[in-house]
Amino acid sequence: MNETSEYEIRLANTVAILEKIASEFTPAVFASSLAAEDMVLTDLILRRQLNIGIFSLETGRLHKETLAMLDKIRATYAVDIQLFKPNLAAVEDYVRQHGINAFYDSVDMRKECCRIRKVEPLNRALKGKKAWITGQRRAQSATRTELAVQEDDVAHAMQKFNPLADWSEDDVWHYIRSNNVPYNALHDKGYPSIGCEPCTRAIQPGEDIRAGRWWWENPESKECGLHVVDGKLVRIKAI
C-alpha cells in the first residue's frame, strides 16, 4: 500500500469519526488552538457543515499571528469562532501575587497560570456538552504516544475525540496545502507547536516538534492541564 492511499484511508476515517460525533453526540464542540492540526479539523467540519461547534481559548497572551487566524477563518468560511476568555479577577489576582511572568519561576506557577487562562475557560466551554474534540496527535510528544481516537473523559463526564490521533506531520501539511486551508503564519517561522507567546519559541532543525513549548521545563511536564487530571494524563478508558 503506497503512502498516498494510507493518507486517504486516514482522511476517510477522520471524516467518518466527525460525522459520527455530529450525529450521535450532539451537542459536541471542537476546541481549536488555531494551529495547523486544528485548522485541518476546522476545514473538515465547516466544509461539510457538520453539527459541531468550534471554540478557542483566548488566553490574553496569544501571538498576534494566532489572533489573526480569527479573521482568516471568517474570510474563508464566513464563520466566527466562539472565544472563551479567563476570569479577569483571577488573572489580576495571579499577577498581583506572583508577577505577570511568574510561570517561568516553577512548574507549579506555570500550571496555575495555565489553569486560570486555559483550564477554567475550557470547563465553561464544555459545560452541557456530550463530547469534545481535540487536534492532538500521537506523534506530537512523548506524553501522547498512547493517545486513543475516542476516550472516556471522566474529568468532564463526556466523550473526548482525537480524530487526528494517527496522523503524521506530513499528513497535516498535505491536507492543508491540497485544500488551500489558511494556517498560522508562525508555522513558517519555525513554530510547529503554538501556545501563548511567552511560553512558545521557534525550534531548531532536528528538535522535537514540541520542544518550543515551555522550553525551560523537562519534557515530562509539558502539558497545560487541558488533557490531564491531578497532574496525570487521563487515559482511563479508550473506546
Next on the checklist: Apply side chain to side chain contact (heavy atoms under 4.5 Å, CB included) to residues L18 and R48 and explain how you reach the verdict.
Outcome noted: CA-CA 10 Å; L18 292 172; R48 288 166 173 76; over 6 Å; no
Item to check | ILVMFWY clustering at 4.5 Å (side-chain atoms), partners of L186 | outcome: Y191, I194
Who pairs with [X] by side chain to side chain contact (heavy atoms under 4.5 Å, CB included), at least two apart in sequence or on another chain?
{"X": "D166", "result": "R10, R138"}
{"X": "S168", "result": "D170, D171"}
{"X": "S23", "result": "none"}
{"X": "E58", "result": "L62, L67, L83, K85"}

Checklist entry - Between L50 and L44, does a side chain to side chain contact (heavy atoms under 4.5 Å, CB included) hold up when you go through it step by step? => result CA-CA 8 Å; L50 299 178; L44 290 171; 5.9 Å; no
Nearest non-hydrogen partners of [X] and [Y], listed with the distance:
{"X": "K130", "Y": "T26", "value": "CD-O, 3.0 Å"}
{"X": "T76", "Y": "R47", "value": "CG2-NH2, 4.4 Å"}
{"X": "L34", "Y": "T66", "value": "CD1-O, 3.6 Å"}
{"X": "A148", "Y": "N162", "value": "O-ND2, 2.8 Å"}
{"X": "P198", "Y": "W215", "value": "O-CH2, 3.4 Å"}
{"X": "I209", "Y": "A139", "value": "CD1-O, 3.8 Å"}

For the residue pair [X] and [Y], establish whether any side-chain heavy-atom pair is separated by less than 4.5 Å.
{"X": "R137", "Y": "L147", "result": "no"}
{"X": "I133", "Y": "V29", "result": "no"}
{"X": "V40", "Y": "E37", "result": "no"}
{"X": "I54", "Y": "L46", "result": "yes"}
{"X": "T200", "Y": "H63", "result": "yes"}
{"X": "S56", "Y": "F84", "result": "no"}
{"X": "T14", "Y": "L41", "result": "yes"}
{"X": "C114", "Y": "W214", "result": "yes"}

Between [X] and [Y] (side chain of the first, backbone of the second, donor and acceptor by atom type, cut-off under 3.5 Å), is there such a pair?
{"X": "E24", "Y": "I21", "value": "no"}
{"X": "N184", "Y": "A35", "value": "no"}
{"X": "Y175", "Y": "V181", "value": "no"}
{"X": "D153", "Y": "H156", "value": "yes"}
{"X": "R117", "Y": "T59", "value": "yes"}
{"X": "Y104", "Y": "M109", "value": "no"}

Next on the checklist: Checking ring pair (Phe, Tyr, Trp, His ring centres under 6.0 Å) between F25 and each of F30, F161, W132, which is the one that passes?
Outcome noted: F161
Hey, what do you get for [atom1] ([X]) to [atom2] ([Y]), rounding to the nearest 0.5 Å?
{"X": "N179", "Y": "I176", "atom1": "CG", "atom2": "CD1", "answer": "9.5 Å"}
{"X": "R201", "Y": "W216", "atom1": "CZ", "atom2": "CH2", "answer": "10.5 Å"}
{"X": "R213", "Y": "I203", "atom1": "CZ", "atom2": "CD1", "answer": "12.0 Å"}
{"X": "Q136", "Y": "D38", "atom1": "CD", "atom2": "CG", "answer": "9.5 Å"}
{"X": "K118", "Y": "S33", "atom1": "NZ", "atom2": "OG", "answer": "8.5 Å"}
{"X": "L164", "Y": "N13", "atom1": "CG", "atom2": "CG", "answer": "11.5 Å"}

Checklist entry - Going through the distances and angles, do S32 and F55 end up as a side chain to side chain contact (heavy atoms under 4.5 Å, CB included)? => result CA-CA 6 Å; S32 172; F55 72 88; over 6 Å; no
Checklist entry - Tell me, which pairs form a salt bridge (charged side-chain N to carboxylate O under 4.0 Å, His left out) where one or both residues lie in residues 173-197, sequence neighbours left out? => result E65-K189
Checklist entry - Does atom CD of Q49 have more than 12 heavy-atom neighbours from other groups under 6.0 Å away? => result no
Next on the checklist: Please tell me whether Q150 and Q159 have a donor and an acceptor in their side chains that are separated by less than 3.5 angstrom.
Outcome noted: yes
Checklist entry - Given I17 and V149, is the side chain to side chain contact (heavy atoms under 4.5 Å, CB included) satisfied, shown in steps? => result CA-CA 9 Å; I17 292 165; V149 171; 3.3 Å; yes
Item to check | Evaluation steps, side chain to side chain donor-acceptor pair (under 3.5 Å), between N101 and R61 | outcome: CA-CA 11 Å; N101 292 328; R61 301 299 301 267; 3.1 Å; yes
Checklist entry - Any ion pair linking R115 and E120 (charged N to carboxylate O, less than 4.0 Å)? => result no
Item to check | Note: K111-D108 ion pair, threshold 4.0 Å (strictly below) | outcome: no
